[in-house]
Amino acid sequence: MKKTMKRIFCIALVAALVASLAGCAKLNYITNGTIKAINEVKSGDWQNANAVEEDNSDKIVIDELTPGTYGGIDFQSLEDVAAFYKEAYDYTKSLTADYIDDQGNTCKFYKLLGDEKMEIGDVIIDGSANAIVNKLVPGIVDSMFKPNTYGLVPCYNRNPDLDNNSEDEHKKSDRDFRTTEITAEDILAANVTDNGDGTITLVIQPKMAEMSMRGEDSQGRFFEVLGDISGVVADISAVSFTEGTAEENVKVFYKGGTVTVKVDAKSKEVLEAEYKMETTVQVTHASIAVIKDKSATLTITYTNTYPASDDYLMSSKGIKRK
């Protein structure tokens, strides 16, 4: 996940926490990705209810593989699915096309570019949802979220030459995202459908991961994950913790997300795809001003769909296919 996306997610969570805990507080939300100040909090009788414990076990949410031949290709195991997906991913990201940018220049980008959509689910404070907060947070996020377009995720850029982790503040290696390192060990379940027109559709559910890092684990090799957000939360001065550190109290769980790709069985080119990432962010022992020791949970669905429409490319980045 790009730095801006990560900060938006964190601010959505903290904004929800502030709004829920402060009640009648006068809040001053400053845009550009930060919460500048809390001007006044009217104190009250606050008691910390027991937070609902999240079920973070991994459960299969898709049909499992029926071994057989699909589109002339033999799929007997998750190893076969992983190998085919890798071949299709790597080949598709080797393809480029000419585009016209917003300055009228011809640019070579990935042939397959996608759109992105973010949805914020219910915010749970100490085990309870609040209708006002759940209406407030999506509006905050929508005002900050600026849709972009990239190649098949995980991806850093629509320009293949820039599709690496050089922008990553947690850079661990010179990883190149023009290829994938997916193996069967990353997959919880998968299935294949023969569409009868020379294409097949793969549906893959990656294994769950906590605090996933781009390209480093089962979720980070399929999705635009958040990375380690604890440092971002720790930098927001409005929030402190009654015990432990941000790293100990901020948890991000990824599970239940799915990858759906429609592939030309002969050429191995991905024609259509949807990457639907499901994320739960949990914060415990959070305090804001006189409000002490609260817990919050926020769910996020982040979807990348391919190919992006011409209208989306023009409206989001001012580019068009040549």
Side-chain angles (χ1 to χ4, degrees), residues 1 55-95 112 114 116-117 150-155 175 177-210 212-226 252-280 299-307:
M1 190 64 59
D55 178 7
N56 290 314
S57 59
D58 216 0
K59 295 181 176 64
I60 295 175
V61 300
I62 63 174
D63 293 335
E64 297 190 66
L65 178 67
T66 299
T69 300
Y70 300 86
I73 301 169
D74 193 30
F75 290 94
Q76 295 297 320
S77 64
L78 293 182
E79 284 77 10
D80 294 332
V81 173
F84 183 86
Y85 176 85
K86 174 175 173 52
E87 189 175 0
Y89 182 98
D90 292 356
Y91 175 66
T92 302
K93 292 193 82 169
S94 74
L95 303 176
L112 187 62
E116 59 178 352
K117 180 180 180 181
Y150 302 97
L152 286 176
V153 291
C155 187
R175 188 178 299 280
F177 293 101
R178 288 174 291 189
T179 60
T180 181
E181 297 180 8
I182 288 296
T183 70
E185 291 301 312
D186 297 314
I187 300 175
L188 180 65
N191 61 70
V192 185
T193 301
D194 189 333
N195 298 318
D197 59 358
T199 68
I200 59 175
T201 298
L202 279 66
V203 181
I204 300 172
Q205 182 182 350
K207 290 180 180 178
M208 70 169 292
E210 179 182 348
S212 182
M213 301 291 289
R214 178 196 294 271
E216 301 293 333
D217 51 58
S218 57
Q219 294 280 323
R221 283 190 274 271
F222 278 107
F223 298 122
E224 290 291 341
V225 296
L226 300 177
V252 185
F253 297 95
Y254 300 82
K255 64 174 183 175
T258 57
V259 175
T260 304
V261 292
K262 181 179 179 180
V263 185
D264 184 306
K266 185 176 182 179
S267 70
K268 308 299 191 298
E269 180 181 356
V270 176
L271 305 175
E272 299 175 7
E274 181 185 78
Y275 291 74
K276 189 173 184 179
M277 183 183 78
E278 300 287 356
T279 311
T280 300
T299 59
I300 301 163
T301 299
Y302 179 71
T303 306
N304 300 92
T305 304
Y306 303 81

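For the numbers below, each heavy atom of this structure counts, side chains included, while hydrogens, waters and symmetry mates do not.
Remark: Thr301 pairs with Glu278 by the side-chain hydrogen bond (donor to acceptor under 3.5 Å, both in side chains) rule, at least two apart or across chains. Listed by chain and residue number, Asn195, Asp197, Lys262, Leu271 satisfy the side chain to side chain contact (heavy atoms under 4.5 Å, CB included) test with Thr199 (two or more places apart in sequence, or in another chain). With sequence neighbours left out, the side chain to side chain contact (heavy atoms under 4.5 Å, CB included) criterion links Ser94 to Tyr91. Evaluation of the ring-ring contact (aromatic ring centres under 6.0 Å, His included) rule for Tyr254 yields no partner, not counting sequence neighbours. Evaluation of the salt bridge (Lys or Arg N to Asp or Glu O under 4.0 Å) rule for Glu269 yields Lys111 as partners, not counting sequence neighbours. Remark: Lys86 pairs with Asp90 by the salt bridge (Lys or Arg N to Asp or Glu O under 4.0 Å) rule, at least two apart or across chains. Scored by the side-chain hydrogen bond (donor to acceptor under 3.5 Å, both in side chains) test, Tyr85 finds Tyr275 as partners (sequence neighbours excluded). Listed by chain and number, the residues in a side-chain hydrogen bond (donor to acceptor under 3.5 Å, both in side chains) with Thr92 amount to none (sequence neighbours excluded). Take Leu78 and apply the side chain to side chain contact (heavy atoms under 4.5 Å, CB included) test, not counting sequence neighbours, and it matches Ala184, Ile187, Ala190. A search for side chain to side chain contact (heavy atoms under 4.5 Å, CB included) contacts involving Thr183 returns Glu185, Asp186, not counting sequence neighbours.
With rounding to the nearest 0.5 angstrom, the CD1 atom of Ile300 is 6.5 Å from the CE atom of Met277. In this structure, CG in Asp217 is found 11.5 Å from CD in Glu181, a value given to the nearest 0.5 Å. Between atom SG of residue Cys155 and atom CD of residue Glu224 there is a gap of 7.0 Å, rounded to the nearest 0.5 Å. Ile204 CD1 to Leu188 CG: the interatomic distance, rounded to the nearest 0.5 Å, is 12.0 Å. In this structure, CG in Asp194 is found 10.0 Å from CZ in Phe75, a value given to the nearest 0.5 Å. One distance of note links NZ of Lys93 with OG1 of Thr180; it measures 8.5 Å at 0.5 Å rounding.
A heavy-atom distance below 4.5 Å is not found between the side chains of Leu202 and Thr260. With a 4.5 Å cut-off on side-chain heavy atoms, Phe177 and Val153 do not count as touching. Residues Leu95 and Leu112 fail the side-chain proximity criterion, which asks for heavy atoms closer than 4.5 Å. Counting only heavy atoms from C-beta outward, the side chains of Thr303 and Glu274 approach each other to under 4.5 Å. Considering only heavy atoms from C-beta on, Phe253 stays 4.5 Å or farther from Asp58 through its side chain.
Applying the salt bridge (Lys or Arg N to Asp or Glu O under 4.0 Å) test to residues at least two apart or on different chains, none of the pairs has a partner in residues 68-81.
For Thr201 (side chain) and Thr193 (main-chain N/O), no donor-acceptor pair under 3.5 Å exists by modelled atom type. Counting only distance, with no hydrogens or angles, the side chain of Gln205 and the backbone of Lys59 share a donor-acceptor pair below 3.5 Å.
Note on Glu216 versus Arg221: no salt bridge recorded, every NZ/NE/NH1/NH2 to OD/OE distance being 4.0 Å or above.
Considering every non-hydrogen atom in both Met208 and Gln219, the closest pair reads CA-NE2, 3.9 Å. Across all non-hydrogen atoms, the minimal contact from Gly220 to Pro154 is O-CG, 3.6 Å. When every heavy atom of Leu152 is checked against every heavy atom of Tyr89, the shortest pair comes out as O-OH, 3.2 Å.
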Under 3.5 Å, which donor-acceptor pairs link side chains of residues 61-71 to any protein atom two or more places apart or in another chain?
residue	atom	partner	partner atom	Å
Tyr70	OH	Thr66	O	2.5

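Residues Glu116 and Tyr302 bring a donor and an acceptor atom of their side chains to less than 3.5 Å of each other.
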Start with the C-alpha gap between Lys276 and Phe223, add the side-chain angles, then the distance that decides, and say whether side chain to side chain contact (heavy atoms under 4.5 Å, CB included) holds. CA-CA 8 Å; Lys276 189 173 184 179; Phe223 298 122; 5.6 Å; no
Between Ile73 and Lys268, is a side chain to side chain contact (heavy atoms under 4.5 Å, CB included) present by the stated rule, with each step listed? CA-CA 11 Å; Ile73 301 169; Lys268 308 299 191 298; 4.2 Å; yes
If you apply the rule side chain to side chain contact (heavy atoms under 4.5 Å, CB included), what do you find for Phe222 with Ile182, and how did you get there? CA-CA 8 Å; Phe222 278 107; Ile182 288 296; 3.2 Å; yes
Verdict with supporting geometry, Val203 and Val259, side chain to side chain contact (heavy atoms under 4.5 Å, CB included): CA-CA 6 Å; Val203 181; Val259 175; over 6 Å; no
